[in-house]
There are 2 protein chains.
Amino acid sequence: MIESSAKPDLAAIASLIGEPSRAAILEALMSGESLPAGDLSTRACVSPQTTSSHLNKLVQGGLVKVEPIGKRRYFKIASVAVAQAIEALCLIAPPKKIRSLKASFEADALRQSRTCYDHLAGKLGVAVTEFLINEKYLKLNPDKFIVTPTGAEWFASFGVDVDAARQLRRKFAYPCLDWSERRPHLAGSLGAALTSAWFDKGWVARMQDTRAIRLTKEGQCGLKEVFKVNELK
Amino acid sequence: MIESSAKPDLAAIASLIGEPSRAAILEALMSGESLPAGDLSTRACVSPQTTSSHLNKLVQGGLVKVEPIGKRRYFKIASVAVAQAIEALCLIAPPKKIRSLKASFEADALRQSRTCYDHLAGKLGVAVTEFLINEKYLKLNPDKFIVTPTGAEWFASFGVDVDAARQLRRKFAYPCLDWSERRPHLAGSLGAALTSAWFDKGWVARMQDTRAIRLTKEGQCGLKEVFKVNELK
DNA sequence: ACCATAGTTCGATCTGTGTCGAATCATCCC
DNA sequence: GGGATGATTCGACACAGATCGAACTATGGT
């Protein structure tokens with residue numbers, strides 16, 4: 001047990017997140033991807049030198065991890081706790097002013113479908129979750145999802161190993177409120193596993209330079225046939 | 001439904017929290033109390049003018065609410081969502097350097113027992129929660145607490161109206177991880193109701209100028225006899 | 001009516017830190 | 001080895017925003 005004789009430095013962590021360029025970096029990493037410094041520089045719209053300085057501070061502050069591969073250095077969110085804190089902040093954050101047409105398209109795409117650290121969010125995430133509930137594959141207890149017996153079969157047939165997800169040392173299946181829909185979607189290791197399956201099937205693909213994801217042709221068919229969702233509204 | 005065509009401004013909300021004086025104000029308000037501007041000025045160690053400016057920004061930003069009573073203006077945390085975001089930040093925050101002896105005592109007192117927005121935390125909060133679990137009054141499902149039948153009786157006998165708490169439009173009973181113990185304690189409307197009962201009985205009292213609370217003589221007896229806790233360790 | 005207390009507005013100052021140019025280091029590929 | 005690409009360090013600069021003095025408004029008490 002750590003015997004730290006100090007209280008948490010709220011200002012330090014919040015100001016670390018609060019600088020606009022660093023916040024942009026964190027938002028990019030909230031997709032759950034590992035991204036190299038150069039990409040993050042582009043996303044945050046600042047020079048490589050500046051980005052480097054910010055990344056240093058983020059790593060020092062424990063918000064971000066590095067993994068050097070060759071001459072690149074890949075950065076990612078350091079832990080689930082960090083992702084949860086950032087999500088909690090997004091829930092109480094004011095909407096950002098839209099300046100450009102491009103930013104407006106991006107915002108629309110994000111609301112449509114995106115990854116929230118490691119699971120589906122946006123309209124897509126909510127629609128998928130509601131399908132699972134309607135079909136009684138999941139049951140929403142106030143603070144957690146229960147997988148029903150028929151649900152377990154369904155997940156297996158879809159290619160998701162529920163038991164493997166359950167054994168991981170993290171929350172298994174809980175509702176995550178998202179900032180755009182304000183309705184819960186499936187998070188936790190089960191949500192992450194389901195999302196992996198979507199990517200594996202090629203139903204969704206990451207879009208360039210944003211957390212938004214794109215439904216492929218196959219994804220649209222799958223959404224209709226497997227999830228009985230005709231359109232995201 | 002709000003049709004906001006924008007993504008959340010993470011930097012704005014985080015930098016609002018991240019300024020040291022404002023963070024000090026928020027920490028003071030995390031006790032759940034309503035405090036007037038003057039008190040907050042003292043706690044944050046800045047002039048009344050500066051405090052006023054900060055409070056303005058906090059209110060504008062939706063983090064804090066005001067209620068004017070007479071010539072005083074009482075400030076409090078705006079919502080449970082705000083309190084949760086701040087708690088989530090505290091969990092990933094680095095420990096603050098202890099400068100003064102006084103600050104060291106305060107940190108110790110905080111770790112011992114404090115309020116976390118509206119429920120007990122620190123060693124006291126954890127000890128009480130563990131008693132409730134050991135006696136099988138509460139059962140910890142991964143993400144929520146269940147009140148057992150004998151538990152319902154116990155809460156009633158202690159003066160807590162479980163059904164009233166259950167009917168409130170907020171989470172009922174969930175585990176809140178605290179930054180000092182890193183072990184869960186009882187949060188939600190049930191936690192808040194239990195804490196009120198402690199204050200009503202005079203078992204705990206607020207300390208001056210800090211979120212820490214003090215166990216009274218009666219509280220020490222009660223802790224021993226009702227909660228079977230001999231000492232907080 | 002008077003003074004005390006609580007809080008705010010305005011303006012001037014000053015510090016902290018984000019920014020990028022230039023140069024440097026590291027790794028990969030041919 | 002040499003050139004190209006990815007990333008960092010250093011230093012100079014500029015700007016945002018926190019701070020407080022002084023003056024002001026509003027409420028309460030006697």
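Labels below follow one simple rule: chain letters A, B, ... track the order of the sequence lines, proteins then strands, and each chain is numbered from 1.
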- Query: Looking at A:T51, A:L16, A:I17, which one forms a side-chain contact (heavy atoms from CB on, under 4.5 Å) with A:R22?
  - Reply: A:L16
Who passes side-chain hydrogen bond (donor to acceptor under 3.5 Å, both in side chains) against [X], sequence neighbours left out?
X: A:Q60; value: none
X: B:S21; value: none
X: B:D118; value: B:R170
X: B:D39; value: none

- Item | Donor-acceptor contact below 3.5 Å, side chain B:S15 vs main chain A:S15 | no
- Task: Could you tell me whether the side chains of A:S47 and A:T50 share a donor-acceptor contact shorter than 3.5 Å?
- Result: yes
- Task: Assess the side chains of A:R114 and A:S180: does a donor N or O sit below 3.5 Å from an acceptor N or O?
- Result: yes
- Respond yes when some side-chain nitrogen or oxygen of B:N56 is under 4.0 Å from OP1 or OP2 of C:dG7, and no when none is. no
- Task: Would you mind reading off the bend of the helix from C:dA1-D:dT30 to C:dC30-D:dG1 from its two end axes, five pairs each, to 10 degrees?
- Result: 30°
- Note on the structure: In numerical order, the residues of residues 64-73 of chain A whose heavy atoms come under 4.0 Å of DNA chain C are A:G70, A:K71
- Query: chain A on DNA chain D: first and last contacting nucleotide, 5' to 3', under 4.0 Å to a heavy atom?
  - Reply: D:dT5 to D:dT9
- Query: Would you say the side chain of B:K123 lies within less than 4.5 Å of the side chain of B:V126, judging by non-hydrogen atoms?
  - Reply: no
- Task: Would you please test A:R111 and A:D108 for side chain to side chain contact (heavy atoms under 4.5 Å, CB included) and show each step?
- Result: CA-CA 5 Å; A:R111 256 197 314 289; A:D108 286 339; 2.7 Å; yes
- Listed partners of A:H54 passing ring pair (Phe, Tyr, Trp, His ring centres under 6.0 Å), at least two apart: none
- Query: For DNA chain D, what residues of residues 15-24 of chain A have any heavy atom nearer than 4.0 Å?
  - Reply: none
- Task: Can you sort out which residues in residues 38-54 of chain A have a heavy atom within less than 4.0 Å of DNA chain D? Ascending by number, please.
- Result: A:G38, A:P48, A:Q49, A:S52
Contacts table for residues 70-94 of chain B: side-chain donor-acceptor under 3.5 angstrom, sequence neighbours left out:
from	atom 1	to	atom 2	distance (Å)
B:S79	OG	B:A81	N	3.4
B:S79	OG	B:V82	N	3.3
B:Q84	NE2	B:Y174	OH	3.1

- Item | Salt-bridge criterion met for B:D209 and B:R43 (N-O under 4.0 Å) | yes
- Does the salt bridge (charged side-chain N to carboxylate O under 4.0 Å, His left out) test come out yes or no for B:E106 and A:K7, once each step is laid out? CA-CA 9 Å; B:E106 189 192 335; A:K7 51 183 178 180; 3.1 Å; yes
Compile the donor-acceptor pairs under 3.5 Å between side chains in residues 29-36 of chain A and protein atoms, sequence neighbours left out, one pair per line.
from	atom 1	to	atom 2	distance (Å)
A:S31	OG	A:A28	O	3.1
A:S31	OG	A:E33	N	3.2
A:S31	OG	A:E33	OE1	3.1
A:E33	OE2	A:R206	NE	3.4

